[in-house]
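Remember, predicted model here, so these are calculated numbers, not experimental data. Reckoned from all heavy atoms, side chains included, excluding hydrogens, waters and symmetry mates. Counting starts at 1 for both ligands and their atoms, in listed order.
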Amino acid sequence: MKDKQTPGIYWGDYESVSKVDKAHFEDFKRQSPREIEEACRDQDGRLQHIINAEHFDLDFLTTLCDTAKAARRIDDGNREFLGKLLRGRGSINFFKQPSSRTWSSFTRAAGILGMQTVDIKDVSTSSEVKGESEKDSLRTLSSYGDALVCRHPSDEYDLFGLWVQKSSGREIPFINAGSGTKRHPTQGILDYYTIKESFNGNIDGRVIAFVGDCLRGRTVHSLAKILALHKNITAYFVAPENLQIDLETERYIEDRGVMVHKETESLRRVVPLADAIYMTRVQSEHGGSGDYNEIFKFTMNSLDSMCDGAILMHPGPKRDEIDPEIDYLNSDQRVMYWRQQRNGMWTRVALLAHVLGVDDKIRETYKEYTKIGVDR
Ligand code: NCD
């Protein structure tokens with residue numbers, strides 16, 4: 001399938017500059033996956049750069065989910081406490097692809113913690129139009145903040161962002177807010193939190209059905225890799241042949257014990273088997289038609305055939321892959337995608353608190369609340 005976007009990294013207009021930068025980046029990429037992961041951690045082993053769901057483990061995710069829950073509860077009554085935690089610190093949001101949910105939830109998350117944000121979404125207003133390389137613009141932006149949150153079409157951008165930090169001599173946490181077609185680690189966290197909350201923490205043995213663009217949906221890849229940390233997970237990938245999950249990801253999760261089924265004919269057969277149905281839109285910005293085949297749409301009938309306690313998820317933005325009437329079933333516990341979006345804000349509060357080292361204060365304060373009986 002032909003790629004419609006220009007997914008590359010912009011190295012500036014001057015070959016004498018780009019040659020040198022590219023050579024340094026190539027050198028950096030020669031490191032092993034283990035070395036790259038180590039480069040994402042501080043000397044205590046805490047993840048500082050969030051580039052890739054493959055770096056997560058269950059301890060990290062559990063602590064993050066606890067922080068998110070604690071922050072959500074504290075906010076309901078003691079907003080000032082959260083607002084003081086990172087007062088005066090700065091978060092820079094640099095988004096080179098469209099975003100509503102991820103961008104606004106990161107901006108709000110920073111605000112909840114008292115941070116100021118610089119938001120750049122329209123690249124025509126950045127100095128890259130004057131020929132400045134993306135490396136220089138990222139390094140410049142980093143020098144004004146305490147955390148950098150970026151979205152980019154390139155599949156290499158996770159490593160690029162890390163490299164810019166590592167080579168700058170003034171490292172700040174780099175958070176990948178969605179890059180290329182395979183990586184969206186912070187969406188993976190919010191999806192995981194949503195699943196964990198929905199099933200009271202019991203995730204082992206669950207069945208998840210990913211529906212739609214399993215090939216280029218980066219949210220699918222990140223969540224599938226995260227769920228593979230649990231035991232006895234079954235994953236259905238429900239998509240036409242040309243949008244099926246790639247072999248590399250399939251192998252990755254199978255090697256970690258996930259039972260993989262590919263369904264290319266219909267969603268109907270899979271709905272009654274799944275604990276979570278994860279709909280996605282066709283990523284037509286990467287080429288091909290954006291039209292959704294009727295046989296993969298989630299209808300009112302699909303809702304009726306869901307098993308007890310199952311949930312319907314969608315990372316957004318959605319088009320017509322879910323019957324629009326389902327949006328109006330506000331009290332239906334199965335319809336999880338609006339709550340899922342809201343969870344994004346709280347998990348991003350937790351993530352910013354984690355990378356900037358104030359997450360334990362949130363959990364400890366919440367523990368005090370529960371001790372004195374003010375759990376809200
Ligand atoms: C997703 C993305 O950007 O990958 N959106 C999001 O962050 N919630 C999914 C999509 O665009 O389809």
Once you restrict both partners to nitrogen or oxygen, which atoms of ligand 1 have a protein partner under 3.5 Å, and how far apart are they?
unit_1, atom_1, unit_2, atom_2, d
ligand 1, 3 (O), Arg151, NH1, 3.3
ligand 1, 3 (O), Arg151, NH2, 3.3
ligand 1, 3 (O), Arg218, NH2, 2.9
ligand 1, 4 (O), Arg218, NE, 2.7
ligand 1, 5 (N), Gly316, O, 3.0
ligand 1, 7 (O), Thr102, OG1, 2.9
ligand 1, 7 (O), Arg151, NH2, 2.9
ligand 1, 7 (O), His184, NE2, 2.8
ligand 1, 8 (N), Gln187, OE1, 3.2
ligand 1, 8 (N), Pro315, O, 3.0
ligand 1, 8 (N), Gly316, O, 3.1
ligand 1, 11 (O), Arg281, NE, 3.3
ligand 1, 11 (O), Arg281, NH2, 2.9
ligand 1, 12 (O), Arg281, NE, 2.7
ligand 1, 12 (O), Arg281, NH2, 3.4
ligand 1, 12 (O), Gln283, NE2, 2.8

Assess the residue pair His261 and Tyr236 against the criterion (ring-ring contact (aromatic ring centres under 6.0 Å, His included)); give the C-alpha distance rounded to whole Å, side-chain angles, the decisive distance to 0.1 Å, and a yes or no. CA-CA 5 Å; His261 300 281; Tyr236 282 89; 4.7 Å; yes
For residues 300-309, pull every pair meeting side-chain hydrogen bond (donor to acceptor under 3.5 Å, both in side chains), keeping only residues two or more places apart or in separate chains. Thr299-Ser302
Excluding sequence neighbours, so at least two apart, what forms side-chain contact (heavy atoms from CB on, under 4.5 Å) with Ser179? Tyr157, Asp158, Asn176, Arg183
Sequence neighbours left out, what pairs pass salt bridge (charged side-chain N to carboxylate O under 4.0 Å, His left out) with at least one residue falling in residues 167-179? Lys166-Glu171
Lys/Arg N to Asp/Glu carboxylate O, Glu197 vs Lys69, below 4.0 Å: yes
Sole candidate of Phe210, Phe298, Tyr337 that passes ring pair (Phe, Tyr, Trp, His ring centres under 6.0 Å) when paired with Tyr278: Phe210
